[in-house]
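All chains are named by letter (A, B, ...) in the order of the sequence lines, taking the proteins before the strands, and each is independently numbered beginning at 1.
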Protein chains: 2
Amino acid sequence: MSPYDPSAFPPFAVTVDLVVLTVRRHALCALVVRRGEPPFQGRWALPGGFVRDDEDLATAAARELVEETGLCAHDPASPAPGNGAHLEQLATYGDPRRDPRMRVVSVAHLVLAPDLPAPRAGGDANGARWASVTDLLGREDPAGRAGEEAEPLAFDHAVILADGVERARSKIEYSSLATAFCPPEFTVGELRRVYEAVWGVALDPRNFHRKVTGTPGFLVPSGGTTTRQGGRPAQLFRAGGATVLNPPMLRPEV
Amino acid sequence: MSPYDPSAFPPFAVTVDLVVLTVRRHALCALVVRRGEPPFQGRWALPGGFVRDDEDLATAAARELVEETGLCAHDPASPAPGNGAHLEQLATYGDPRRDPRMRVVSVAHLVLAPDLPAPRAGGDANGARWASVTDLLGREDPAGRAGEEAEPLAFDHAVILADGVERARSKIEYSSLATAFCPPEFTVGELRRVYEAVWGVALDPRNFHRKVTGTPGFLVPSGGTTTRQGGRPAQLFRAGGATVLNPPMLRPEV
DNA sequence: ACAAAAGTGTTACAATTACACCCATGC
DNA sequence: GCATGGGTGTAATTGTAACACTTTTGT
């Protein structure tokens, strides 16, 4: 039997699922859509869909992001400075029984977006919302990966979401990725509140300020100031060219 | 059209490809097999194969590892202390034209193994060998991901290999994974030579010794000693229970 | 005796932490 | 004035880098 024989390998459906994270009202939130079809009809799920025949995986993820949420993604592999969100591949999930209909392998992607207005639903989803990840995953239990949630996510999406959150939490330690949660111009305090929300800890504002302003290439002053947080006017910054933080931002012990 | 309709999504072949790394004679080496069939017949490639209908992705990777190399893998997700190698998912590659035969999505896995005897070939590969990654990838050019190699790998395997090497290089910084390159009992000097081979740098033996023996849970003395490296007898250690290194091992600037 | 590798001590430096303290605005 | 958040200064602590130096084997 030759490997050219299509009967030599089983056919799979391949999908992309999206873990879209943002920080809203001091909480890390994920985008979920209400499923309009069985299985898991009416349950919340991660946005996603089938990869098309001629499409790369990252392209499919960016397309689904636009279709289901209206967000515009920016793949860091293609360094065009689109004003879209950060997108990267997360992991692939292929348990034979993860979808009751058929054998589906899902390539999950992670998207980090600034705080945006309520998303619009699209495709076969009849609702979309930002939900706090602590609500979606329940109080994290250290043993398993998915905790007890009030309204469990469809499929294995709780595991995928937990993996995406963990990726985001660890990646902002040693990269400048936290700026992907901020608008184009932001203050040091706003960036600090991103770290605090993602990690769920309180950071010392003075030391944080010294750290981020003292790391070359992390932040570049844009010249302006703002008082939108109250208090003394704060300098506005844009994300600098640096992508790695060395030494890293240290996450305090829990 | 319902999503149950099999014509609603294109069928994919799903494979696993393996980046199997080890340290031999002070060099980081990868396992490659000679392809016995077109396309790329006669060229070196990463071991791999189709995922079966009822198989999880990690299971398929472990099966291919045994079939093509005789190695026994140990998935860290199932903490049975098998004496096998470390196995973890790396990334998924799905460019529509990465395989000229058909649409193939490959879920690459990373395996870290101790220095083992020459592997045996199996399956449809008619040869297998350990090859230095610098030979396989050429002198790394910082711009692209795959350099000029003397004998290029089949498919996009140079990119996959480069990604696997980069994952290994960064992961031994902040985890105890370097011990996966060592036999069950090893000396501090042998562990240091692993770091030096993977990173391609020289480390101070004295500071390295203090660092690894001073990190709780990284190494546990096994009681014995050895002089297999010459010089004064060295204490033998086993890998401790710790999986993360905090603070991390610092990789010197190039 | 000598080479080679293991292991310990010490000093200088880099970075983080935990503060005290001042600055500039809105109310 | 006063609360609020922005920003700078400083001392104690932790960890690393760069050595000198001793220890224990094989030849």
Next on the checklist: To check you understand the geometry: which heavy-atom pair defines the closest contact between Ala197(A) and Val23(A), and what is its length?
Outcome noted: CB-CG1, 3.7 Å

Checklist entry - Looking at DNA chain C, which of residues 218-246 of chain B put a heavy atom within less than 4.0 Å of it? => result Gln229(B), Gly230(B), Gly231(B), Arg232(B), Pro233(B), Ala234(B), Gln235(B)

Checklist entry - For the helix from dA1(C)-dT27(D) to dC27(C)-dG1(D), what is the angle between the axes at its two ends, each from 5 pairs, rounded to 10°? => result 0°

Would you say [X]'s side chain and [Y]'s backbone share a donor-acceptor pair under 3.5 angstrom?
{"X": "Ser176(A)", "Y": "Ala242(A)", "value": "yes"}
{"X": "Glu68(B)", "Y": "Leu65(B)", "value": "no"}
{"X": "His157(B)", "Y": "Leu46(B)", "value": "yes"}
{"X": "Glu64(A)", "Y": "Val16(A)", "value": "no"}
{"X": "Thr215(B)", "Y": "Phe218(B)", "value": "no"}

Gap between atoms [atom1] and [atom2], on [X] and [N] respectively (whole Å):
{"X": "Arg210(B)", "N": "dA17(D)", "atom1": "CZ", "atom2": "C1'", "answer": "10 Å"}
{"X": "His209(A)", "N": "dT17(C)", "atom1": "NE2", "atom2": "P", "answer": "17 Å"}
{"X": "Phe208(A)", "N": "dT8(D)", "atom1": "CZ", "atom2": "C1'", "answer": "17 Å"}
{"X": "Glu173(B)", "N": "dT16(D)", "atom1": "CD", "atom2": "P", "answer": "13 Å"}
{"X": "Leu250(B)", "N": "dG15(D)", "atom1": "CG", "atom2": "C1'", "answer": "9 Å"}
{"X": "Asn207(A)", "N": "dT13(D)", "atom1": "CG", "atom2": "P", "answer": "16 Å"}
{"X": "Asp204(B)", "N": "dG7(C)", "atom1": "CG", "atom2": "P", "answer": "14 Å"}
{"X": "Leu191(B)", "N": "dA6(C)", "atom1": "CG", "atom2": "P", "answer": "11 Å"}

Item to check | Residue from Leu191(B), Thr213(B), Val220(B) passing side-chain contact (heavy atoms from CB on, under 4.5 Å) with Phe237(B) | outcome: Thr213(B)

Phosphate-side-chain proximity, [X] and [N], N/O vs OP1/OP2 below 4.0 Å:
{"X": "Lys211(B)", "N": "dT16(D)", "result": "yes"}
{"X": "Arg192(B)", "N": "dA6(C)", "result": "yes"}
{"X": "Arg193(B)", "N": "dA6(C)", "result": "yes"}

Checklist entry - Has Arg228(B) got more than 12 heavy atoms of other residues, nucleotides or ligands less than 6.0 Å from its CZ? => result yes

Checklist entry - Aromatic ring centroids of Tyr195(B) and Phe208(B) under 6.0 Å? => result yes

Next on the checklist: Go nucleotide by nucleotide along DNA chain C from the 5' end; which of Glu190(B) and Pro247(A) gets its closest nucleotide reached first?
Outcome noted: Glu190(B)

